[in-house]
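For reference, the structure is listed below as structure tokens.
Because only heavy atoms are used, hydrogens play no part in the values below, and waters and symmetry mates are left out as well, while side chains stay in. Order of appearance sets the numbers: ligands from 1, and atoms from 1 within every ligand.
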Amino acid sequence: MKLKVLVVAGDGIGPEVTGEAVRVLRTVAEMGGHEFEFREELIGGIAINKAGSPLPKATLDVALESDAVLLGAVGGNEFNALPPNKRPEAGLLQLRQALGGFANLRPSFAWPALAQNSPLKPEVVNGTDIIFVRELLGGLYFGEPRAWDKEAGAAWNTMRYTRDEVVRVARVAFELASSRRKKLTSVDKANVLEVSQLWRATVTELAPQYPDVTLEHQYVDACAMHLMNTPRNFDVVLTENLFGDILSDEAAVITGSLGMLPSATIGGAVNLYEPVHGSAPDIAGQDKANPLGAIGSVAAMLEYSFGLSEEANSVYRAIEEVLNSGKVTADLKPAGRPASTPEVGAAVCEAISARAVSA
Ligand code: NAD
């Protein structure tokens with residue numbers, strides 16, 4: 001199998017972490033059976049400087065011809081004065097929209113070796129394994145009308161969903177739950193919002209088609225609390241765009257570092273994989289960035305885009321071995337000298353190769 005992967009490394013630590021993630025994919029390819037063809041294109045601030053646009057046409061064209069896209073991060077202080085539609089972040093939003101992925105998958109997993117890094121007590125986080133399925137193309141972030149009328153001193157946004165938009169993302173969540181611990185929590189604010197009433201009615205209507213999955217509904221405010229008190233009780237959490245943005249960031253504290261978090265956006269023409277973190281200008285160019293969020297993102301790519309579950313598991317197990325070994329970057333507060341970005345990448349590759357040899 002020859003798989004075409006577009007790498008859009010972007011700004012700041014983007015190239016550092018995607019470099020290690022690509023190294024991991026090359027190691028997986030060496031295990032045999034498939035080949036990756038990598039293309040590199042510009043996005044974000046570097047694209048503004050070199051090509052005059054945060055998402056050059058060439059990038060979009062190659063993205064749409066690829067089997068999957070790996071993105072690093074975009075953004076930098078030098079662009080902060082630009083209007084929103086000219087900033088590096090606009091390139092990422094345009095790419096997401098053009099690729100059409102409507103389901104954003106964000107795991108929140110309590111790695112045992114990192115239990116001490118979470119601000120929550122180890123006995124609360126231990127065993128937590130949640131996947132958020134956040135609707136990404138609808139709701140308040142895209143609804144019209146939207147405006148800030150400065151003269152009138154008023155501003156408004158619109159939260160809007162159609163039944164079909166709910167159905168397509170709910171199906172992703174039900175299927176995921178069915179392949180995991182078979183529990184789906186749908187989150188809304190149906191006691192106040194009509195949009196949430198449509199959401200809840202639609203999800204409930206689909207449930208009989210997935211008889212092996214237990215469906216529960218939670219109000220978003222209650223969910224925010226339960227996530228911190230009893231995170232182990234969640235398996236798959238389905239929610240709309242704004243609630244998902246907030247809840248998945250809240251649950252990120254469980255893992256102990258932003259640098260650990262992968263994400264996958266699926267359902268469109270081409271799936272997009274990216275670590276959750278930004279371009280981290282404060283540590284860029286110093287080999288300090290944790291590449292495990294980007295490496296986790298290519299594990300998700302192997303699983304969701306290429307159906308290579310065994311290879312994906314091998315990457316997840318390698319990440320776990322590296323965490324247990326203590327060879328980690330400074331954000332994970334190792335007992336000894338912090339490892340550099342390439343040292344962590346190399347350790348993950350060695351663990352993958354060692355597993356392949358012993359298998
Ligand atoms: P950030 O995620 O870049 O950094 C927040 C903090 O976490 C910083 O202290 C940083 O050093 C640390 N951090 C982030 N990733 C890390 C990693 N892999 N390893 C170790 N430490 C890590 O968020 P920010 O500082 O708010 O934003 C910086 C720039 O990134 C801004 O321009 C912002 O718009 C952009 N941004 C981009 C994305 C994206 O590309 N998806 C997401 C968020 C922010």
Side-chain angles (χ1 to χ4, degrees), residues 7-21 24 41-49 54-55 59 63 69-97 99 101 104-106 111 114 117-119 134 136 141 241 244-246 248-250 252-253 255-265 272-298 300 319 322-323 327-334 338-345 347-348:
V7 182
V8 276
D11 306 318
I13 62 170
E16 298 167 48
V17 297
T18 52
E20 299 312 315
V24 165
E41 293 293 339
L42 300 171
I43 195 167
I46 189 169
I48 295 174
N49 287 342
L55 182 66
T59 302
V69 177
L70 171 66
L71 181 128
V74 296
N77 297 335
E78 61 180 293
F79 306 101
N80 286 351
L82 294 175
N85 62 346
K86 299 260 188 297
R87 286 171 62 126
E89 291 82 351
L92 173 55
L93 294 180
Q94 286 163 19
L95 179 67
R96 283 181 184 157
Q97 243 177 328
L99 297 183
N104 181 225
L105 274 41
R106 279 179 60 169
W111 296 97
L114 299 182
N117 288 41
S118 171
R134 167 190 170 195
L136 203 64
Y141 292 3
N241 205 342
D245 193 0
I246 297 169
S248 58
D249 263 28
E250 184 200 8
V253 303
T255 61
S257 169
L258 194 53
M260 288 300 300
L261 296 172
S263 84
T265 301
L272 174 66
Y273 299 87
E274 49 182 320
V276 166
H277 61 75
S279 58
D282 52 334
I283 57 166
Q286 301 170 41
D287 277 344
K288 285 184 181 168
N290 183 348
L292 294 177
I295 291 173
S297 301
V298 294
I319 292 174
V322 170
L323 292 174
K327 193 181 238 187
V328 295
T329 42
D331 55 308
L332 298 181
K333 306 183 187 79
S340 68
T341 311
E343 282 171 341
V344 174
V348 172

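With R87 contributing its side chain and N80 its backbone, the two residues share a donor-acceptor pair below 3.5 Å. Judged purely by atom type and a 3.5 angstrom limit, T265 has no side-chain atom pairing as donor or acceptor with the backbone of N104. At distances below 3.5 Å, at least one donor-acceptor pair connects side-chain atoms of D11 with backbone N or O atoms of G75. Under a 3.5 Å cut-off, the side chain of T341 and the backbone N or O of A289 do form a donor-acceptor pair.
Note on K288 versus D331: no salt bridge recorded, every NZ/NE/NH1/NH2 to OD/OE distance being 4.0 Å or above.
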Q: Would you sort out whether L92 and V8 count as a side-chain contact (heavy atoms from CB on, under 4.5 Å), showing the intermediate values?
A: CA-CA 10 Å; L92 173 55; V8 276; over 6 Å; no
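Within 4.0 Å of ligand 1, protein heavy atoms come from I13, A73, V74, G75, G76, E89, L92, L258, G259, E274, V276, H277, G278, S279, A280, P281, D282, I283, A289, N290, D331.
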